[in-house]
Number of protein chains: 2
Amino acid sequence: MPKVSKKELIIYHARESFSKNGYELTTLEAIAKECSITKPAIYYHFKDKATLYKAVVCPEFTAIALKIKENTQMGTPTKRLENYIKTFGEFLISNPSFSAIFAREIANGASSMPDECIEQLSRTIGQLISILNDGESAKTFTKEPPFLIQMMIVTTLTSYNTAQPLREKISQYMQNKATQAEPNFHNIIDALSQKIIKGLLC
Amino acid sequence: MPKVSKKELIIYHARESFSKNGYELTTLEAIAKECSITKPAIYYHFKDKATLYKAVVCPEFTAIALKIKENTQMGTPTKRLENYIKTFGEFLISNPSFSAIFAREIANGASSMPDECIEQLSRTIGQLISILNDGESAKTFTKEPPFLIQMMIVTTLTSYNTAQPLREKISQYMQNKATQAEPNFHNIIDALSQKIIKGLLC
DNA sequence: CCTTACTTACTAAACGGTAAGTAAATTATA
DNA sequence: TATAATTTACTTACCGTTTAGTAAGTAAGG
């Protein structure tokens, strides 16, 4: 029996809606309905819509930053980079709302991203930079712009998730091409990891 | 003296706003103001907001599909793939509004993308599939999910553009790390192209 | 009796879209 | 060729709905 407070319930349904519909198309009325309460009840727990949004996204950015840090401390640069990519990918699997929220934030230039999240993101990228630098020093990696590598990892994976409906629509236009079975996301993570590491090796 | 019709002027300013603010936060009133006309004048030229949006995005998708086709017909699979990536990248440079619009469409699962654009996108991906297949047959490329490669190319490049404000914010949190000069976008295209091709080679 | 956790009822503003009118250009007609 | 009719390209004024946010009231628990 999950003993979840009403506040957490609101956050849960808000996350679903922000992920599915985006910030603008999410209405507090709809969230309230999902929670079987009324809209002003949300205002009892949260100052306004933007604050609710923060309550939705900040924990996710904090969690991913923590996991990345935990999983990319030890081993060779290659192994650490592999773990970086896999940790991020696995996080997207266990937090299905995150891909869409993150992809929209990037598309919007992070204009509405709370500072707290940006700080967590910097930590994550700082970790990536340290891995790339170590790999460079050890002459295993070539020198590349770290932010490009970050984008290759995170936007490829998040967009692969959000673009699933697009893939389905596109495959309808591809009658001629053989419709191969869609790889599952674990395979996509592995394939991306291999491609990026191979691309970086000296 | 650029002889541009009022209709084209509306499309121009609409593109600017859709790119900068997204579909929901773009108001017809604001577009009208930019054109020095009134809102109903827009309705004289376009049925509704969605139709105006189509008029903004469809030409871009058609143009990129055409350019890709033109530039990736001849040469070795490696050269064709390089051209695919570079053509896409150069298109983003000459069409600065496109990155944000495209990135948002992907983030939204292309739910509001006109069928016409999806058809153009399918053509583009069809072209990529043919390059990858040829490379596979020639034993130069390993077999990879084409859609993953497509995402690695297009979302990395579009997001690299849209994420520029984010990069600036992040660099403020990175006092300790040396702030290396930001590579220009041509270099990013080259670097991505090399990484992807290297990752795909047998 | 006071705080918690709400509900009902409401306001204000924004925004997509429309109705109706009009000046200027274009075309048809006498 | 002068004039009447029509179309083009708008404007002013407005409507209806949606939605964030608020004021005020209330039932339950400590």
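Proteins come first, then strands; the chains are lettered A, B, ... in the order of their sequence lines, and each starts at number 1. Fair warning: this is a prediction, and the values are worked out from it, not measured in the lab.
As rounded to whole Å, 16 Å separates atom P of C:dT18 from atom CZ of B:Phe46. In this entry the distance linking OH of A:Tyr43 with P of C:dC10 reads 19 Å, nearest Å. We find that CD of A:Glu29 is positioned 16 Å from P of D:dT17, with the value rounded to whole Å. Atom P of nucleotide C:dC15 and atom OH of B:Tyr23 are separated by 14 Å, given to the nearest angstrom. The nearest whole Å value for the distance from the CD atom in A:Glu24 to the P atom in C:dC15 is 11 Å. Straight-line distance from the NZ atom of B:Lys47 to the C1' atom of C:dG16: 12 Å, rounded to whole Å. Here the P atom of nucleotide C:dA14 and the NZ atom of A:Lys49 are 16 Å apart, to the nearest Å. B:Leu28 places its CG atom 13 Å from the C1' atom of C:dT18, with the value rounded to the nearest Å.
Under the ring-ring contact (aromatic ring centres under 6.0 Å, His included) criterion, B:Tyr53 pairs with B:Phe18, B:Tyr23, sequence neighbours left out. Judged as a side-chain hydrogen bond (donor to acceptor under 3.5 Å, both in side chains), and not counting sequence neighbours, the contacts of A:Glu182 are A:Arg167. Residues that satisfy the side-chain hydrogen bond (donor to acceptor under 3.5 Å, both in side chains) test with B:Thr51, not counting sequence neighbours, are B:Asp48. Listed by chain and number, the residues in a ring-ring contact (aromatic ring centres under 6.0 Å, His included) with B:Phe46 amount to none (sequence neighbours excluded). Shown here are the side chain to side chain contact (heavy atoms under 4.5 Å, CB included) partners of A:Pro114, two or more places apart in sequence or in another chain: A:Lys54, A:Val57, A:Cys58, A:Cys117. Partners of A:Arg104 by salt bridge (Lys or Arg N to Asp or Glu O under 4.0 Å), not counting sequence neighbours: none found.
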Study note, to complete from the structure: Going 5' to 3' through nucleotides 6-16 of chain D and flagging B where a protein heavy-atom sits under 4.0 Å of the base, S where only the sugar-phosphate is that close, and - otherwise, we get --SBBBBB---

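Screening residues 92-122 of chain A for ring-ring contact (aromatic ring centres under 6.0 Å, His included) gives A:Phe61-A:Phe98, A:Phe61-A:Phe102, A:Phe91-A:Phe98, A:Phe98-A:Phe102 as the qualifying pairs, with residues at least two apart or on separate chains. Residue pairs meeting the side chain to side chain donor-acceptor pair (under 3.5 Å) criterion with at least one member in residues 61-74 of chain A, sequence neighbours excluded: A:Asn71-A:Thr87, A:Thr72-A:Gln127. For residues 24-34 of chain B, every residue pair satisfying the side chain to side chain donor-acceptor pair (under 3.5 Å) rule, not counting sequence neighbours, is listed here: B:Ser17-B:Thr26.
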Distances for protein N or O near nucleotides 21-27 of chain C N or O, under 3.5 Å:
none

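Summary for the helix from C:dC1-D:dG30 to C:dA30-D:dT1: the axes at its two ends, each from 5 pairs, differ by 20° when rounded to the nearest 10 degrees.
A salt bridge does not link B:Lys169 with A:Asp115: every distance from a Lys NZ or Arg NE/NH1/NH2 to an Asp or Glu carboxylate oxygen is 4.0 Å or more.
Taking every heavy atom of both residues into account, A:Leu166 and B:Ala110 meet most closely at CD1-CB, 3.7 Å.
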